[in-house]
Structures are given as C-alpha cells and as structure tokens.
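All remarks here apply to the structure that follows.
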Amino acid sequence: MGSSSFIQLQAGDALIAVDVQNDFLPGGSLAVPEGDAVVPALNRYLAAFGARALPVFATRDWHPANHCSFKAQGGTWPPHCVAATRGAEFAGGLALPPAAVIISKATTPETDAYSGFAGTDLAARLRAGGVTRLFIGGLATDYCVLNTVRDALAADFDVLLLADAIRAVGVNPGDGARALGEMQQLGARAIRYEDLAS
Ligand SMILES: [Zn+2]
C-alpha cells in the first residue's frame, strides 16, 4: 500500500556514467562547475547496480590532440580529454566496477560526438545484453548527458535521468535547467537516489 512509486532495479536495466573525466572536474581544462559532485552521487547508484550484478557503461571523450572541437582547430572548446592523458582518465574516485564497459567517442580529428551513441557500438551492446531501461548520469547536463539521453529515447530505450548525479557547463545562464526540461519533455523521467527501492 502506497509505496509503489519506488523504482525496483531489475534485469534489463543498465547504468550509463557519461564522461566523468578529470578534464571536466574542477581543476580540469574544461571544468564543469561542481562537476566533482557527480562522483559520490554516481557511486551510490554504482553500488546499487553492483549489488544486483547489473551492467554498467562509462562513456568518455577520447580525442586526438588536433581534435576539431578544440579552439586551435576552429572549434568551441579548449583542448580536453586528449586520449591517454591524465585529463582523459575517469575521475579517480569513481567506483567503476571491473566489468564496466568503456565507450570511447569522438576519437578521430574530424568528428565530434556529445552523445555516447554517436559513432559507437553502445546501442548494439545494450541490445545484445537485453537492456531496455537506462539510468543516465554524469557530465555535462547541457551537452553530453543531454545528447546521450536524446539518442537513448530516439532508440526506444526507457530513460531514467539521475537528477542528483548530473551538473551543467552553463555557457549561457539556464542551460542546465533548459536541458533538464527538454529531456523530461522528450520522455526521460528525472529521479533521485531516494526513489530507488532499497
Ligand atoms: Zn570533447
């Protein structure tokens, strides 16, 4: 009676940690304000998924040094997440399980990818694993999380957005809130850790 709104983790669920990389944390070359706050928040979800042996995916920017998104090449951003540098490593405190599947994106000079689905085999891997529902959090709300959620919904996955485990770049004031609104409008359900059934 009354507690049916709690979310029960079950077979077919997967967690996607989006771009929790050093360069997006405070002190990094493209720091997201409070970006480090997603690490302990995601770790709680990672523990819940680990306890149920449910799959975990971690996306990462994995750029060549002359990537098209960098200002020197006419792009928008300072150099960030250059492959095999410390800035591209996952945050040291992120408790990814050994079995986590790493999805590298935007790995060639001429293509950028905000979405973990863009130019990767993420969708195929999820389908091969029988995944139908995605729990998505990470960095940043208004870029890579937004685009990953858009593509996940377009590919007919159910999406639960981890509202307590995302942070926005906020190039323009309100970008994070607008992105959150768009994701919900498209069909993502925003949840918090407390919404999970224990
Ligand atoms: Zn990038």
Side-chain angles (χ1 to χ4, degrees), residues 1-21 24-25 32-60 90-91 93-97 99-103 114-117 122-123 125-127 129-170 174-198:
M1 292 198 302
S3 61
S4 59
S5 65
F6 285 105
I7 296 155
Q8 193 80 51
L9 294 181
Q10 58 199 26
D13 290 342
L15 176 63
I16 300 182
V18 176
D19 294 17
V20 187
Q21 296 170 268
F24 297 132
L25 303 186
V32 176
E34 301 179 4
D36 51 338
V38 307
V39 174
L42 279 171
N43 282 348
R44 296 202 293 177
Y45 292 100
L46 286 164
F49 274 70
R52 294 164 180 80
L54 292 169
V56 171
F57 295 76
T59 69
R60 63 182 183 185
F90 292 117
L94 187 67
L96 289 175
V101 177
I102 310 302
I103 302 290
Y114 289 143
S115 165
F117 290 92
L122 177 57
R125 283 174 174 270
L126 292 169
R127 293 211 173 90
V131 173
T132 57
R133 187 168 69 164
L134 301 176
F135 292 66
I136 300 177
L139 299 170
T141 310
D142 38 355
Y143 290 93
C144 292
V145 171
L146 170 63
N147 284 276
T148 299
V149 167
R150 278 180 182 153
D151 283 353
L153 290 166
D156 283 332
F157 292 99
D158 290 327
V159 175
L160 300 183
L161 177 66
L162 310 181
D164 52 354
I166 54 176
R167 288 295 185 281
V169 178
D175 278 356
R178 275 191 292 277
L180 182 58
E182 179 184 335
M183 290 186 276
Q184 291 177 288
Q185 186 132 31
L186 290 172
R189 175 181 172 190
I191 67 163
R192 310 184 70 81
Y193 182 77
E194 291 73 21
D195 295 325
L196 297 187
S198 53

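Keep in mind that what you see is a predicted model, and the values were worked out from it rather than measured.
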Answer yes or no: is there a side-chain heavy-atom contact under 4.5 Å between [X] and [Y]?
| X | Y | answer |
| --- | --- | --- |
| Ile102 | Arg60 | yes |
| Cys144 | Thr59 | no |
| Asp156 | Thr132 | no |
| Leu94 | Asn43 | yes |
| Phe135 | Leu9 | yes |
| Leu161 | Ile191 | no |
| Leu126 | Leu122 | yes |
| Ile7 | Arg189 | yes |

Heavy-atom pair with the smallest gap, counting every atom of [X] and [Y]:
| X | Y | value |
| --- | --- | --- |
| Ala91 | Val39 | CB-CG2, 3.8 Å |
| Leu186 | Arg150 | CD1-CG, 3.7 Å |
| Gly176 | Ala168 | CA-CB, 3.6 Å |
| Ala152 | Val159 | CB-CG2, 3.7 Å |
| Arg52 | Ser198 | NH2-C, 4.2 Å |
| Phe157 | Ala123 | CZ-O, 4.4 Å |

To the nearest 0.5 Å, how far apart are [atom1] in [X] and [atom2] in [Y]?
| X | Y | atom1 | atom2 | answer |
| --- | --- | --- | --- | --- |
| Leu162 | Leu134 | CG | CG | 10.5 Å |
| Gln21 | Leu139 | CD | CG | 9.0 Å |
| Leu160 | Ile16 | CG | CD1 | 11.5 Å |
| Ile166 | Leu146 | CD1 | CG | 10.0 Å |
| Arg125 | Ile103 | CZ | CD1 | 5.0 Å |
| Leu25 | Glu34 | CG | CD | 12.5 Å |

Using the salt bridge (Lys or Arg N to Asp or Glu O under 4.0 Å) rule, take Arg192 and Asp195 through it: C-alpha gap first, then chi angles, then the decisive distance, then the call.
CA-CA 5 Å; Arg192 310 184 70 81; Asp195 295 325; over 6 Å; no
Without swapping roles, check the side chain of [X] against the backbone of [Y] for a donor-acceptor pair under 3.5 Å.
| X | Y | answer |
| --- | --- | --- |
| Arg44 | Pro40 | no |
| Asp142 | Asp175 | no |
| Thr148 | Ser115 | no |

Is Arg133 salt-bridged to Asp13, cutoff N-O under 4.0 Å?
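Salt bridge flag = yes for Asp13 with Arg133.
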Would you please indicate if the ring centroids of Tyr193 and Tyr45 are separated by under 6.0 Å?
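Yes, they do, as the ring centres are separated by less than 6.0 Å.
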Count the heavy atoms of every other residue, nucleotide or ligand shown that sit under 6.0 Å from CD of Gln185, and state whether that count exceeds 12.
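Count not over threshold, so no.
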